[in-house]
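Worksheet: one structure, shown below.
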Amino acid sequence: MVDGAPYQMISAPVLSPTLTGWIVFAARLDDREMRALERLSAIELDAQVFDRRGDAWLTTDQGPDSAVLAPFVAAAIQTGAAAPGHLKTAAGDDLVLVKPLKSLDGQASAALLLRYPMAAALAPYRPLMAAVVIVGLIGAALVAAASFGLSRGLSRPIIALDDAARRLQRGEDVHVAVQTDDEIGRLAGSFNLMAAEIRDREARITHLALHDAETGLHNRLALERAISARLATLAPGEQVVVATLGLDRFTFLRGAIGYSLATELVAEIGARVQAQDPRAVVARLTTSTLGVVSDLRDLAAALPLIETAAGSLEAPLRLGGELIDIHLTHGLGAGDATTDDAARLVEHALIALDQARATGRKVAAFDAVAYGDPAGNLSLMSEMLEGVASGALFLNHQPKLDLRSGAITGVEALVRWNHPTRGMLRPDLFVEMAEETGHIRALTECVLERAIADQQALFAAGHDVLMSINISGRLVDDLDFADRAIARIQATGARMCFEVTETAVIGNPEAALGVIARLAAAGIAISIDDYGSGLSSLAYLKQIRADELKIDKSFILTLDSDGKDALLVKSTIDLAHSLGMKVTAEGVENRESLGLLSLMGCDIAQGYHIAKPMPLAQLTAFLDAWSHPAITDEAQSA
Ligand code: C2E
Ligand code: CA
Ligand code: CA
């Protein structure tokens, strides 16, 4: 410090050759010197020199910040800080470095302060920062735009595929138009292929579901659909008419020409029907039955139409080099939506076909009355089984008169059913049904049980009669039934005759003949019932070892009026006798017939003229009263 102002000094010894003095150079550290120092710096420095006056640090360069800077210098000197520090001034944030200046006396009485404002330091980076921000923003925008575009490019085809898959699921015809060259494009290609395959397969399945595989004709389902469609569009008063065409003697025909030609035949007839009416739907319902629905709206118009068409439909057909005769039977069902549905109409037409065949007609319309109520029949059967258990089924007995002795030597047990709501039912109604529904065995076992009991009751009342029961044809080949019946009869010592209808034996000859032989060996009399009503054959008479031949009542009822019947009955009696059988005539309704039978040598007579079937109590009274019968006298005199 010289005169209170700081100087920078440098001294050098003057040697000649001994030290003669010092030379000292000094430069005042004033504002001008400071500006020169500032100019030397590459950055915009602000240099100031502070000097100590007592405890205070003063500067010559009294700026606005001196008040803040002086304490900073004092503090820096005190702590001896060598690194720059931060200082907040009015202008902003500054970087400040304080350096104590050496003095001649070694006391730090001056300090250099270098100040650099942060604002100035950062200024060059501002545009850079802005550029970075702008580039960043632009980059982010680009990334966003690119990913948006990319995702749209990716998701649009996927959405299209998803939509197509949904439509495919709904059964629509779909094709996705994605033509990109990437995985999605390939996926779309595969999808289209798959959709096409599904379409084809569906078409094939639909075709299979609606067509008969053998003939290519429509099937029942297709026919029912066509009927339903027509039912839906009927005007009031109109009907949908369904026709069935049955190929007669088909099994025989198939045996003769083979399966494949027979099928071809059915297809050919279908084609003929279609040619008659191109708008009709022709379907195969069973192997040998076709069903047809046309636009015909009136059953009455259908009958003459079928008759005129029959000629061309039945024209002989050349198949495999053979000319084949064709015979068709037709059934018709008709109805409207209020009463019928498609399935019912088809069923009616099929039943009508059966009805036509059963009655030997070429065409028949469904006859509901003749058909009855099959559902009711089934419930009738379960009721019958209950009746067997509860005793609602019982027996009436019809006496059998020995024409030589004039005695009642036997009775035929005929089943009766006192139905809880329907009243007394005739066996015709439920016996056949029991045969068809497999309940005949239970019924017959019940009848046998009661017949044995009734016979014992009669015996106890003093009447020893042969008890005849009817054995259905369906049961006569049932070995198990036969064994149980034999066991029951032998256990009770009953005297039984089994009346078997001849048709049954013919139906299953071998088993039935074996069973009959076993029954006969067990001491049960065998009677051939209804002889002459079925397909009687001499071979049958030869094979079966029966004790009795029962001439069917159809011959006896008209015996007195029809000369042919008389002839047939007479020769049958002779034939049976020569084969060692007794002859019973059933259906004897008057004294003339009884007389004729007696003359012809018939052994036993049964019929209303002698007695009607009657309950056990009445029968006992009847047998009691049967002494020296006037009827026998009558017969003998006739
Ligand atoms: P069927 O064995 O030929 O029995 C004789 C049928 O002719 C009886 O009818 C009887 O009432 C009737 N009949 C008797 N005399 C005369 C007559 O002089 N004139 C006329 N017109 N008819 C006469 P039913 O009792 O109605 O029996 C009908 C058929 O039912 C029987 O024919 C038999 O095949 C069957 N049936 C009856 N009971 C049984 C049974 O317990 N089991 C089996 N499997 N069938 C039975
Ligand atoms: Ca009988
Ligand atoms: Ca009979």
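Sequential numbering from 1 along the given sequence is applied to the chain's residues. Hydrogens, waters and symmetry mates play no part in the numbers below; they use all other heavy atoms, side chains included. All ligand and atom numbering here is 1-based and tracks the order in the structure.
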Side chain, backbone, both or neither: E586 near ligand 1, heavy atoms under 4.0 Å: side chain
Residue of the set N470, T584, N396 for which side-chain hydrogen bond (donor to acceptor under 3.5 Å, both in side chains) holds with E412: N470
Minimum heavy-atom distance L458-L619, with the two atoms named: CD1-CD2, 3.7 Å
Electrostatic pair K550:E586 at N-O distance under 4.0 angstrom: yes
For atom 11 (O) of ligand 1, closest protein heavy-atom neighbour: P613 CG, 3.4 Å
Nearest-contact summary for atom 3 (O) of ligand 1 - protein heavy atom, Å: D530 OD1, 3.3 Å
Residue part near ligand 1, for D529, under 4.0 Å between non-hydrogen atoms: side chain
For atom 8 (C) of ligand 1, the protein heavy atom that lies nearest, with its residue and separation: L414 CD1, 3.8 Å
Contact (N/O only, under 3.5 Å) between V415 and ligand 1: yes
Among the N, O or S atoms of E586, the one nearest the Ca ion (ligand 3): OE2
Nearest heavy atoms of P304 and A300, plus distance in Å: CD-O, 3.1 Å
Crowding at CZ, R361 (>12 non-hydrogen neighbours, <6.0 Å): yes
Q456 atom CD, neighbour heavy-atom count above 12 within 6.0 Å: yes
Note: K582-D603 ion pair, threshold 4.0 Å (strictly below): no
Per-atom contacts of ligand 1 with D428, taking only distances under 4.0 Å to non-hydrogen atoms: 26 (O), 28 (C)
Contact check, side chains of N590 and L594, non-hydrogen atoms, under 4.5 Å: no
Side chains of I604 and L401 in contact at under 4.5 Å (non-hydrogen atoms): no
Numbering as shown, the atoms of ligand 1 that approach E412 to under 4.0 Å (heavy-atom distance): 2 (O), 4 (O)
N or O pair under 3.5 Å between E589 and ligand 1: yes
Electrostatic pair E214:R284 at N-O distance under 4.0 angstrom: yes
Minimum-distance N/O/S atom that E499 presents toward the Ca ion (ligand 2): OE1
Closest protein heavy atom (residue, atom, distance) for atom 13 (N) of ligand 1: Y608 CE2, 3.6 Å
Heteroatom test (N, O or S) for D530 near the Ca ion (ligand 3), limit 3.0 Å: yes
Atom 34 (O) of ligand 1 touched by protein heavy atom at under 4.0 Å: no
Minimum non-hydrogen distance to atom 25 (O) of ligand 1, winning option of R426, R416, Q398: R416
K553 contact mode with ligand 1 (heavy-atom cut-off under 4.0 Å): side chain
Residue part near ligand 1, for V447, under 4.0 Å between non-hydrogen atoms: side chain
Protein heavy atom at shortest distance from atom 27 (O) of ligand 1: P427 CG, 3.4 Å
Ion pair check, D340 and R344, cut-off under 4.0 Å: yes
Metal-centred angle, OD2 of D529 through the Ca ion (ligand 2) to OE2 of E412, rounded to 10 degrees: 170°
Donor-acceptor pair, side chain of Q606 and main chain of A585, under 3.5 angstrom: no
Heavy-atom protein contact below 4.0 Å for atom 30 (O) of ligand 1: yes
Min N/O separation N470 to ligand 1 under 3.5 Å: yes
Whether N470 has an N, O or S atom under 3.0 Å from the Ca ion (ligand 2): yes
E322 atom CD, neighbour heavy-atom count above 12 within 6.0 Å: no
Numbered atoms and elements of ligand 1 in range of V588, under 4.0 angstrom, heavy atoms: 18 (O)
Any side-chain heavy-atom pair of R495 and M467 under 4.5 Å: no
Side chain, backbone, both or neither: the part of R450 lying under 4.0 Å from ligand 1 by heavy atom: neither
